[in-house]
Each structure stands twice: as structure tokens, then as C-alpha cells.
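Small disclaimer: the values here were computed from a predicted structure and weren't measured. All values below come from the heavy atoms of this structure, side chains included, with hydrogens, waters and symmetry mates left out.
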Amino acid sequence: MKLKTFLLGACSALIFAGMASAETLTIATVNNGDMIRMQKLTDDFKAKNPDIDLQWVTLEENVLRQKVTTDIATKGGQYDVLTIGTYEVPIWSKLGWLAPLDKLTADKTYDVDDLLPAIRSGLTTDGKLYAAPFYGESSMVMYRKDLFEKAGLKMPDAPTWDFIADAARKITDKSHEVYGICLRGKAGWGENMAFLTAMSNSFGARWFDEKWKPQFDQPEWKQTLDFYVKLMKDAGPPGASSNGFNENLSLFQTGKCGMWIDATVAASFVSDPKESKVADKVGFALAPDKGLGKRGNWLWAWNLAIPASSKKTEAAEKFIAWATSKDYTNLVAQKEGWLNAPPGTRSSLYANADYQKAAPFAKMTLDSINSADPTHPTVKPVPYVGVQFVAIPEFQGIGTAVGQQFSAALAGQTSVDAALKAAQQVTSREMTKAGYPK
């Protein structure tokens with residue numbers, strides 16, 4: 001009896017010890033479709049790593065950025081894996097806030113050389129990879145072929161803004177809740193300002209001149225904002241100043257948008273008949289230009305990184321390796337079809353015949369990513385890197401403040417001139433406070 005009790009006690013102790021040894025990773029991520037899909041597929045990770053538990057914190061884009069930035073800047077240690085963008089990685093790695101992914105890059109099965117050079121270079125500091133891309137993107141035009149045909153229009157592969165504006169007005173039918181164009185209006189440096197900054201590049205505008213003087217008082221910005229506000233008033237949906245990526249995605253999928261210029265990653269969602277009422281009617285084109293040599297497309301990746309404050313870097317790196325691997329891409333293809341494979345990160349995906357067949361937007365996505373140039377983003381010279389952002393720490397705050405002004409102009413709460421004046425003032429003030437020029 002005593003021996004049986006002892007053995008039962010020993011087994012219980014072993015089970016408890018096994019349970020106690022499991023590490024829990026807290027993962028902060030964005031509520032985009034690809035990230036939600038990843039959470040649903042983590043049984044595969046758990047089967048391969050039974051000693052690692054996962055706890056998810058899933059947030060709207062603006063909220064995620066705020067919480068993650070606050071936590072890492074204060075060394076709060078709330079998260080073990082962060083979902084961050086191409087903007088944060090070079091800044092935070094230089095500040096020593098991120099752990100390098102040395103084991104991942106040394107793993108031959110992971111094949112770091114398969115990562116698209118345009119995406120990988122933005123995540124590398126001093127030769128070290130500090131984040132792994134979960135999906136990469138540029139931006140492009142998604143449009144309803146049936147509405148274009150009905151209006152007697154043909155979308156060029158490389159349209160101009162003037163063509164887009166004319167077409168948007170012609171295919172608008174407000175009486176049937178069909179709006180010619182849906183564009184981001186929700187305030188945020190990564191929401192409306194991602195779109196408007198990329199758009200302004202094609203109009204010849206820039207955030208700063210070579211001496212870091214803000215340029216919102218220049219005619220190129222006025223042309224950009226005038227064009228945008230008037231177009232959205234004529235051909236956009238009501239309440240556009242509240243619409244970001246997810247809101248416009250929903251509008252497009254339910255047949256209420258004739259065109260949508262946004263992230264290339266959305267192509268799989270609007271083409272999926274399970275999610276989109278217009279899946280069989282969607283065409284794709286490059287982001288528009290104004291004939292000045294720059295198209296209005298951006299370059300971005302949502303990436304997984306480890307804060308330097310995490311005490312679980314080994315487990316975190318295992319999770320990142322799983323989520324950004326070729327095997328994960330194959331898992332998505334097996335479970336959800338090749339159409340839903342996370343795009344924009346690996347050369348092998350774009351060489352895959354099954355993916356090319358399933359994704360009519362594959363070549364357009366790759367062309368858009370490869371054409372974006374973060375080191376020369378504008379028509380005139382600039383002292384900064386970044387297509388839809390300025391890669392300086394101060395940009396988050398400044399970009400959001402400017403985004404609020406431009407969103408207010410779109411909502412009719414202020415004029416374009418007043419919004420630009422306020423943008424110039426707030427940007428000048430904050431840059432002076434930060435000590436620019438440096």
C-alpha cells in the first residue's frame with residue numbers, strides 16, 4: 001500500500017513538474033485576417049512543441065502599435081513575441097530593444113536566403129536579422145471588372161490618378177450603395193497616413209526637404225489633399241473618415257466599392273468566394289501615378305520579433321521560425337488553399353506553379369513590392385528612408401497628429417487649407433522639440 005501511494009505520488013510529482021516546465025509565450029498581434037488564420041493553425045505548432053503554451057493578445061492596428069511601443073520603451077516585459085512593422089524594426093534594433101534572430105538565420109531548413117531581398121533588407125541591422133516577415137505587401141488597385149465593363153471602361157495595368165478619379169465617378173451609383181472608390185480615412189500614421197504619404201509621393205510631395213523642414217505648406221501637398229478629399233466626396237462611401245483597412249475590406253467584399261487602393265495582401269481576401277461576394281469579378285492594377293516617375297504604392301511587412309526584455313527567447317524564436325517558415329506556407333495551402341498562403345515574403349512562393357495558378361494577383365503583387373524604393377521614395381530628394389512613413393522615432397506621434405487633421409478635412413470638420421496649416425505647425429513644433437536638423 002505504501003509503495004503504491006509512493007508510486008502514485010511520484011507520478012503526480014512528475015506530471016506536475018512537466019506542467020510546471022511548460023513555458024507560456026504571450027504574443028501581441030494585429031486583428032488582420034492572416035494573423036487570425038495563424039491562431040487557428042497553432043495546433044500544428046503545439047503538436048511539435050508540447051512544452052510551449054501560447055497566449056494571444058489580438059488588437060486593432062492603432063491600439064496594437066500604441067500598446068507594444070509603450071511596453072517595449074518602458075521595458076514592461078508584457079510580451080514575448082511582438083507583431084511589428086517595417087517602420088519599427090530598424091529603429092528599435094538600433095536602440096537595443098529587439099533580440100537578434102541568430103538561431104533562425106543559422107537554421108538551413110528555415111532558408112533565410114529565400115526571403116525577398118526588398119523585405120529582408122528592411123528587417124536587417126548591421127547584418128543581423130531582427131524580425132521575420134509573416135507577410136509582406138505593397139499596395140495596388142483592386143477593382144470590379146463588371147462595373148468597368150458596364151461603364152465601358154478598361155483598366156490599364158498602370159493607371160494614372162486622373163483615370164482612377166474619372167472612372168470612380170462614372171461607376172458610382174449611390175442610390176444602390178455602390179461607391180466608385182474606397183480609400184483609407186481613419187486617422188493614424190499607419191492608417192490614413194500610410195495611404196496619403198504613398199499617394200503624395202506620386203504627386204511630387206514629401207514630408208521634409210533635405211534640411212528637415214516640413215513641406216505641408218508646399219503646393220504638392222495641397223494638390224494631393226485637394227484631389228483626395230474631392231474624390232472621396234464625389235465617389236467615396238459615407239463615413240469614410242472612420243474607415244481603415246478592415247472597414248474598406250468589408251465594404252469591397254460586400255459589393256459596395258468599385259475600386260479599392262490598398263495593401264496587396266487584401267487580394268486573397270477579395271478573391272476568396274467564401275469571404276467575398278464579388279470574388280469572381282475582381283481585377284488588379286498597379287497603384288496610380290501622376291507621370292512624375294513615382295507610383296503611389298508602399299512597402300510594408302508585418303513581422304514577428306522578440307523584445308530584448310523577454311526571458312523566453314528560445315521558445316519565442318521557435319514560434320517565429322514555425323510561423324514564418326515554408327512549412328507554415330504549405331500548411332496554410334493544405335488547410336485553406338494556395339490562395340490564402342501568406343504573401344510577399346518568400347521567392348519560392350512566387351516560383352510555385354500551384355500558387356501562380358490559384359492567385360491571379362501574384363505577379364502584380366511581386367511587381368509592386370519590387371518597384372517600391374524606400375531609399376528613394378520621392379520625386380525630390382529627402383533626408384529620410386521610408387515609402388509610406390519616415391523612419392525616425394518621432395514619426396509615430398507626428399504622423400498620427402497629421403492624420404487626425406487630414407481625417408477631419410475628409411469628414412468636412414475643417415478645410416483642406418486649415419488641415420495643411422495645422423499639419424505644418426504640429427510637425428515643425430515636434431521636430432524642433434526633437435532637435436532637428438541633427
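Between Thr264 and Trp298 there is no side-chain heavy-atom pair separated by less than 4.5 Å. By the 4.5 Å heavy-atom criterion applied to side chains, Ile72 and Leu98 are counted as neighbours. Contact of the Pro238 side chain with the Tyr179 side chain is registered, since non-hydrogen atoms from C-beta on lie closer than 4.5 Å. The shortest distance between side-chain heavy atoms of Asp34 and Phe269 falls below 4.5 Å. Contact check for Thr24 versus Leu54: no side-chain heavy atoms found under the 4.5 Å cut-off. Counting heavy atoms from C-beta on, the side chains of Met193 and Phe406 come closer than 4.5 Å. Between Met142 and Asp262 there is a side-chain heavy-atom pair separated by less than 4.5 Å.
Tested against Trp207 for a ring pair (Phe, Tyr, Trp, His ring centres under 6.0 Å), the candidates Phe389, Trp189, Phe216 yield a single pass: Phe216. Between Tyr328 and the options Phe319, Tyr135, Phe134, a ring pair (Phe, Tyr, Trp, His ring centres under 6.0 Å) holds for only Phe134.
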Could you walk me through whether Lys311 and Asp80 pass the salt bridge (charged side-chain N to carboxylate O under 4.0 Å, His left out) check? CA-CA 8 Å; Lys311 303 285 190 276; Asp80 301 298; over 6 Å; no
Step by step, work out the side-chain contact (heavy atoms from CB on, under 4.5 Å) result for Phe195 and Asn192. CA-CA 5 Å; Phe195 173 79; Asn192 66 337; 5.9 Å; no
Apply side-chain contact (heavy atoms from CB on, under 4.5 Å) to Asn201 and Val379, showing your working. CA-CA 7 Å; Asn201 294 340; Val379 175; over 6 Å; no
Start with the C-alpha distance between Tyr110 and Thr324, add both sets of side-chain angles, then the distance that settles side chain to side chain donor-acceptor pair (under 3.5 Å), and finish with yes or no. CA-CA 9 Å; Tyr110 182 79; Thr324 63; 2.7 Å; yes
Apply the test ring-ring contact (aromatic ring centres under 6.0 Å, His included) to residues Tyr87 and Trp300: give CA-CA distance (whole Å), side-chain angles for both, the deciding distance (0.1 Å), then the verdict. CA-CA 8 Å; Tyr87 163 73; Trp300 184 258; 7.7 Å; no
Check step by step if side chain to side chain donor-acceptor pair (under 3.5 Å) holds for Ser202 and Asp289. CA-CA 5 Å; Ser202 65; Asp289 72 355; over 6 Å; no
Asn62/Glu191 under side-chain contact (heavy atoms from CB on, under 4.5 Å): CA gap, chis, key distance, verdict: CA-CA 8 Å; Asn62 285 341; Glu191 279 282 9; 3.7 Å; yes
Test Lys213 against Asp209 for salt bridge (charged side-chain N to carboxylate O under 4.0 Å, His left out), laying out the working first. CA-CA 5 Å; Lys213 182 186 175 187; Asp209 68 10; 5.9 Å; no
Between Asp417 and Lys421, does a salt bridge (charged side-chain N to carboxylate O under 4.0 Å, His left out) hold up when you go through it step by step? CA-CA 6 Å; Asp417 287 343; Lys421 185 178 179 182; over 6 Å; no
Verdict with supporting geometry, Ser325 and Asp327, side chain to side chain donor-acceptor pair (under 3.5 Å): CA-CA 5 Å; Ser325 66; Asp327 286 345; 5.1 Å; no
Output, in order, the C-alpha distance, side-chain angles, deciding distance and verdict of side-chain contact (heavy atoms from CB on, under 4.5 Å) for Ile261 and Met140. CA-CA 5 Å; Ile261 304 172; Met140 64 182 177; over 6 Å; no
Before you tell me yes or no, could you show the steps for Tyr436 and Glu394 under side chain to side chain donor-acceptor pair (under 3.5 Å), namely the whole-Å CA-CA distance, both residues' side-chain angles and the distance that decides it to 0.1 Å? CA-CA 11 Å; Tyr436 286 84; Glu394 295 78 14; 3.0 Å; yes
Checking salt bridge (charged side-chain N to carboxylate O under 4.0 Å, His left out) for the pair Glu61/Arg65: CA distance, chi angles, key distance, verdict? CA-CA 6 Å; Glu61 194 169 311; Arg65 288 189 169 110; 2.9 Å; yes
Set out, in order, the CA-CA distance, both residues' side-chain angles and the distance that settles ring-ring contact (aromatic ring centres under 6.0 Å, His included) for Trp260 and Phe245, then state yes or no. CA-CA 10 Å; Trp260 179 30; Phe245 175 86; 5.6 Å; yes
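Ionic pairing of Asp146 and Arg144 is present here: one or more N-O contacts between side-chain nitrogen and carboxylate oxygen are shorter than 4.0 angstrom. Lys230 and Asp234 are joined by a salt bridge, as a carboxylate oxygen and a charged side-chain nitrogen come within less than 4.0 angstrom of each other. Lys380 has a carboxylate O that lies under 4.0 Å from a charged side-chain N of Glu220, or vice versa, which qualifies the two as a salt bridge.
For the 3.5 Å distance criterion, the side chains of Thr160 and Asp162 fail to qualify, holding no donor opposite an acceptor. In this structure, a donor-acceptor pair under 3.5 Å is absent between the side chains of Ser368 and Ser138. Under the 3.5 Å distance criterion, with hydrogens and angles disregarded, a donor-acceptor pair is assigned to the side chains of Thr29 and Thr83. Under 3.5 Å, the side chains of Gln424 and Trp221 contain no donor-acceptor pair of N or O atoms.
Nearest heavy atoms, Val387 versus Asn297: CG1-O, 3.2 Å. Nearest heavy-atom pair across Val332 and Arg37 is CG1-CD, 3.9 Å. Here the closest non-hydrogen pair linking Pro159 and Arg295 is O-NH2, 2.6 Å. What you find for Ala165 and Phe227 is that their closest heavy atoms are CB-CZ, 3.6 Å.
Other residues, nucleotides and ligands contribute more than 12 heavy atoms inside 6.0 Å of the NZ atom of Lys326. The environment of Gln39 atom CD is dense: over 12 non-hydrogen atoms of other residues, nucleotides or ligands sit within 6.0 angstrom. Shown here is Lys94, whose NZ atom has no more than 12 heavy atoms of other residues, nucleotides or ligands within 6.0 Å. Counting non-hydrogen atoms of other residues, nucleotides and ligands closer than 6.0 Å to CD of Glu314 gives a total of 12 or fewer. Within 6.0 Å of the NZ atom in Lys211, the count of heavy atoms belonging to other residues, nucleotides or ligands does not exceed 12. The number of heavy-atom neighbours closer than 6.0 Å to CG of Asp107, taken from other residues, nucleotides and ligands shown, is above 12. For CD of Glu60, the number of neighbouring non-hydrogen atoms (other residues, nucleotides, ligands) closer than 6.0 Å is greater than 12.
Classification of the Trp161-Phe203 ring pair by plane angle, with boundaries at 30° and 60°, yields tilted. Aromatic ring orientation, Phe284 versus Phe361: perpendicular (interplanar angle above 60°, classes split at 30° and 60°). Note: Tyr384 and Trp212 have tilted aromatic rings, judged against thresholds of 30 and 60 degrees for the angle between ring planes.
Using modelled atom types, one side-chain atom of Thr254 and one backbone atom of Leu251 make a donor-acceptor pair closer than 3.5 Å. A donor-acceptor pair under 3.5 Å is formed between the side chain of Ser121 and the backbone N or O of Ala118. Put simply, the side chain of Thr70 never gets that close to the backbone of Lys67: no donor and acceptor are under 3.5 Å apart.
To the nearest 0.5 angstrom, Arg184 atom CZ is 13.0 Å from Ser407 atom OG. Distance check, rounded to the nearest 0.5 Å: CG of Leu115 to CG of Leu129 gives 7.0 Å.
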